[in-house]
Student: 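Handing you a structure now.
Hydrogens, waters and symmetry mates play no part in the numbers below; they use all other heavy atoms, side chains included. Here is how names work: the chains are called A, B, and so on, in the same order as the sequence lines, proteins then strands, and each is numbered from 1. Since the model is a prediction, treat every value here as computed from it, not as a measurement.
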Protein chains: 2
Amino acid sequence: MPDAADPAPMNARRKFRREGEERRRQDLIDATLDSVAEHGLRGATVRTIALRAGVTAGLIRHYFPGKEDLLQEAYAALMGRMTEQAKAALVMDDASPRQRLAAFVTANLNAPIIDQRVFSLWATFLGRAGADPTLARAHREGYLGFRNEVEAVVAEVLAAERRKPDAAELRRHAIAINAIIDGLWIEGCLAGEMFSQGELAAIGIKAVEAELGLGPLE
Amino acid sequence: MPDAADPAPMNARRKFRREGEERRRQDLIDATLDSVAEHGLRGATVRTIALRAGVTAGLIRHYFPGKEDLLQEAYAALMGRMTEQAKAALVMDDASPRQRLAAFVTANLNAPIIDQRVFSLWATFLGRAGADPTLARAHREGYLGFRNEVEAVVAEVLAAERRKPDAAELRRHAIAINAIIDGLWIEGCLAGEMFSQGELAAIGIKAVEAELGLGPLE
DNA sequence: CGGCTATTTATACACTTGCACAACAACGCC
DNA sequence: GGCGTTGTTGTGCAAGTGTATAAATAGCCG
């Protein structure tokens, strides 16, 4: 019995679909972030990225001038999503300033912001900030944006307590609170199983309230 | 006038010196850390590293089974130096517990611990911790060691204030204080010029004392 | 001073990388 | 339905990668 039906021509070209430009670019950026998170910048080759995006390597150069540009855009996308998520926890209006601050801390110290994959990306890219001024500036802008949000909430909280902090004191509080959240965020991402559910958030809230000199809620 | 003396044979082999084994290994590890800090894991190739160490690439395989082992040892060396430096700030015995705690915070938020190069290395390697359990465990051990030191000092400080915290409270304080130091350390490394001399340390000390509920020194 | 040995150099190799380019085929338009 | 546009594929290439291995020489011991 000869080989059954094998009608596929030996040189069959791969089938493909044309996607919208925006969609393809997003897919490539997502595939890039996945590759970096999994294998680091080393393993994020055009072929790996293309495979993950379900296309062939050559296509990347149709959408990006070079691989470096793709990485650049991927980092920008990552930063955008991170700050967006973080700020989203602040939009609840129908709450007291103090409640909003606590909710902010809680949101930043639980999933999905506590996430090992995001941390890997954050660390991998920031490791290049010392040598790449573009990355350094991007971080600084994101950091200052975040800190200003913190400062605004702190001002509201203290105002509600009828305290009148000056600008320097406000700045100090914002820097310290930002550090508390960052430090706990890192530990949660790196060793989340060392902490019980909600423990990091509880520690964070207590630390923040101590920093602001807030007594227990009456 | 014919070419002056050019006695060097065209195929002159490179001159070299034989170094002690320990010395060579250290040089290679240092060269590796330098390469990673400057060009990231991507740019840390055997040839780059060897060039920096003043040898040729083949020699690396004479001292390490493979490049991956060299990177592993380099990371171990980095961690060792970091924790050693951090703990060194705790050895001053002739001081009150509270002064020792303040000195500890100050030391961790100034040069040489605040250092962009070390941060780059820290971030670059930790970016791989999500995928490399070895790195993850190494970090966890270093972190716990550091945190235990903090917890011990905190216990002394509170004892001197005649307070009797239970184990859970002590643990909470240590986690929070560790986060404060880490968060401020990161900002100092990444954007040191945003803070005036000694500002981070001052913020850190105030935040830590607030966390512990310490009043002003009388 | 001459030989031994292990450190070091140099070369080779198989493989991967980013990028260039030509062929191809999916989809919109008539 | 045919046809042109262009998104997409596949192949090729030069440079760079880690590793293997042979050749050379520095330094010690007699």
Side-chain angles (χ1 to χ4, degrees), chain A residues 7-36 38-75 124 128 132, chain B residues 7-32 35-36 38-75 124 128 132:
Chain A
M10 203 148 56
N11 288 355
R13 215 166 220 255
R14 195 177 174 198
K15 297 294 183 205
F16 62 91
R17 289 199 333 154
R18 302 172 103 127
E19 293 285 355
E21 159 158 3
E22 214 39 57
R23 168 69 182 275
R24 266 282 190 259
R25 297 184 109 248
Q26 264 313 314
D27 283 353
L28 285 173
I29 286 177
D30 287 340
T32 302
L33 290 178
D34 283 344
S35 298
V36 172
E38 193 160 335
H39 306 107
L41 282 171
R42 287 220 290 157
T45 71
V46 287
R47 286 169 177 84
T48 304
I49 294 169
L51 183 66
R52 247 201 160 81
V55 297
T56 54
L59 190 60
I60 288 180
R61 294 258 336 192
H62 192 259
Y63 286 98
F64 300 91
K67 186 197 157 192
E68 221 51 46
D69 304 80
L70 172 54
L71 282 172
Q72 202 78 301
E73 291 209 30
Y75 178 64
T124 301
R128 307 294 320 122
D132 184 342
Chain B
M10 202 147 59
N11 288 355
R13 216 167 217 255
R14 194 178 170 188
K15 297 293 184 206
F16 63 91
R17 285 199 336 153
R18 300 176 110 140
E19 294 284 357
E21 161 159 0
E22 213 38 58
R23 168 68 183 276
R24 265 279 132 83
R25 288 176 66 87
Q26 264 313 313
D27 283 353
L28 285 173
I29 286 177
D30 287 339
T32 302
S35 298
V36 172
E38 195 161 334
H39 307 107
L41 282 172
R42 288 225 281 166
T45 71
V46 286
R47 286 165 178 85
T48 305
I49 294 169
L51 182 67
R52 246 198 160 84
V55 297
T56 55
L59 190 59
I60 288 181
R61 295 269 335 235
H62 191 261
Y63 286 99
F64 301 91
K67 186 196 158 193
E68 220 52 45
D69 303 79
L70 172 55
L71 282 173
Q72 201 80 303
E73 290 209 30
Y75 178 65
T124 301
R128 305 294 322 122
D132 183 343

Student: B:K15 has an atom NZ; how far is it from atom P of D:dA24, in whole Å?
Tutor: 14 Å
Student: Please encode protein proximity along nucleotides 15-22 of chain C as a string of B, S and -, counting only heavy-atom distances under 4.0 Å.
Tutor: --BBBS--
Student: State whether the side chain of B:K67 and the backbone N or O of B:I60 hold a donor-acceptor pair below 3.5 Å, judged by distance alone.
Tutor: no
Student: Side-chain contact test, heavy atoms from C-beta onward, threshold under 4.5 Å: evaluate it for B:V55 versus B:R24 and give yes or no.
Tutor: yes
Student: Between A:E68 and B:R42, does the salt bridge (charged side-chain N to carboxylate O under 4.0 Å, His left out) criterion hold? Intermediate values first, please.
Tutor: CA-CA 13 Å; A:E68 221 51 46; B:R42 288 225 281 166; 3.3 Å; yes
Student: Does B:A31 offer a backbone N or O that forms a donor-acceptor pair with the side chain of B:S35 under 3.5 Å?
Tutor: yes
Student: Do A:L70 and A:V46 come within less than 4.5 Å of each other through their side chains, counting heavy atoms only?
Tutor: no
Student: Considering only heavy atoms from C-beta outward, does the side chain of B:V36 approach that of B:L71 to under 4.5 Å?
Tutor: yes
Student: Extract from the structure each pairing of a protein N or O with an N or O of nucleotides 5-7 of chain C at less than 3.5 Å, listing the distance.
Tutor:
residue : atom : partner : partner atom : Å
C:dA6   : N3   : B:R18   : NH2          : 2.4
C:dT7   : OP2  : B:H62   : NE2          : 3.2
C:dT7   : O4'  : B:R18   : NE           : 3.3
C:dT7   : O4'  : B:R18   : NH2          : 3.1

Student: Quick one: does A:F64's side chain get under 4.5 Å of A:I29's, heavy atoms only?
Tutor: yes
Student: Just how far, in rounded Å, is P of D:dT19 from CG of B:L71?
Tutor: 10 Å
Student: Expressed as a whole number of angstroms, how long is the span from B:D27:CG to C:dT8:P?
Tutor: 10 Å
Student: Within the structure provided, determine whether A:R14 and A:T56 are in side-chain contact (heavy-atom separation under 4.5 Å).
Tutor: yes
